[in-house]
Visitor: 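Shown below is the structure under consideration.
Computed from a predicted structure; not experimentally measured. Just so we're on the same page: letters track the sequence lines, and every chain starts at 1.
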Amino acid sequence: MREVIRFAWGNSSLGEFMVATSDKGLVALELGSSRGSAEEALRIRFPDAQVVSGQLELVDILDKITRVIEEPRFVPELPLDMRGTAYEIEVWSMLRLLPIGETISYGTLAAKLGTRDARDVTKAIASNPLAVLVPCHRVIKKDGSISGYRWGVKRKRELLARERRAKPLPTSEGAG
DNA sequence: GAATTGTCACCAG
DNA sequence: CTGGTGACAATTC
């Protein structure tokens, strides 16, 4: 019996996104890719699985994802089926501990993980299949500038901007 | 901002 | 082990 991967499309202020789930939980959340290539990516990632459209079954999930994108503080209780090397999973777990509005550099994150090379973390983060749910957008370069983002630097900036607003600030940020 | 160079842990074979 | 690789980091103009 082949494993079944279901995918569906949703819409948000950041554009269209695709969600894919296995029996265990979410395996992918893609932002703004074209429908064709995103679906193909799934088949490549799960060559032995049956990739089917599950638009109806995933309505609930789509709804939650949309909300996460619009409201950074909303935490969906969605099961994540993380697939990757042990190291990648470690990095992803680490990212999810980052509070809203908080950013960290690749180098610092690497240090926390016990490795010494930021590039190492970079690779793991770049392999993150779960946009937003794993807040890889909170990882930036050491000088504070935005470096790169698998789903587009603009989305990264946008997500960070939203989180800054959502973050409870003791003082107002003043004119900006 | 763009280009250049140094660096090394991780992954696949 | 060997080889390839990077969403880095620090420097320079």
Visitor: Against A/Trp9, only a single residue in A/Glu39, A/Glu30, A/Met18 fulfils side chain to side chain contact (heavy atoms under 4.5 Å, CB included); can you say which?
Guide: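 Testing A/Trp9 for a side chain to side chain contact (heavy atoms under 4.5 Å, CB included) against A/Glu39, A/Glu30, A/Met18 leaves exactly one candidate, A/Met18.
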
Visitor: On DNA chain C, does the nearest nucleotide to A/Ser105 precede the nearest nucleotide to A/Asp120 from the 5' side, or the other way round? Give the residue.
Guide: A/Asp120

Visitor: Name the closest nucleotide to the A/Lys142 side chain, picking from C/dA9, C/dA7, B/dC8.
Guide: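 When the side chain of A/Lys142 is considered, C/dA9 is the closest of C/dA9, C/dA7, B/dC8.
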
Visitor: With a non-hydrogen cut-off below 4.0 angstrom, is A/Tyr149 in contact with a base, only sugar-phosphate, or nothing?
Guide: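 Counting heavy atoms under 4.0 Å across all strands, the contact made by A/Tyr149 includes a base.
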
Visitor: Can A/Ser13 and A/Arg162 be counted as having a side-chain donor-acceptor contact under 3.5 angstrom?
Guide: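 Judged by distance alone, the side chains do pair up.
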
Visitor: Just to confirm, is there a sub-4.0 Å distance from OP1 or OP2 of C/dC8 to any side-chain nitrogen or oxygen of A/Thr122?
Guide: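 False: A/Thr122 side-chain N/O out of range (4.0 Å or more) of C/dC8 OP1/OP2.
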
Visitor: If I take atom CZ in residue A/Arg150 and atom C1' in nucleotide C/dC8, what distance separates them, rounded to the nearest angstrom?
Guide: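 Answer to the nearest Å: 19 Å.
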
Visitor: Evaluate whether atom CD of A/Glu90 has more than 12 neighbouring non-hydrogen atoms of other residues, nucleotides or ligands under 6.0 angstrom away.
Guide: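 Incorrect, the count does not exceed 12.
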
Visitor: Give a yes or no on whether a donor-acceptor pair under 3.5 Å exists between the nucleobase atoms of C/dA9, that is its base, and the side chain of A/Tyr106.
Guide: no

Visitor: Under 4.0 Å between any heavy atoms, over every strand shown, what does A/Lys123 touch: base, sugar-phosphate, or nothing? Just pick one.
Guide: base

Visitor: Rounded to whole angstroms, how far apart are CD1 on A/Ile146 and P on B/dG1?
Guide: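 So the two atoms are 11 Å apart, to the nearest Å.
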
Visitor: Between A/Arg155 (side chain only) and A/Trp151 (backbone N and O only), is there a donor and an acceptor less than 3.5 Å apart?
Guide: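 Yes, A/Arg155 side chain to A/Trp151 backbone: donor-acceptor pair under 3.5 Å.
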
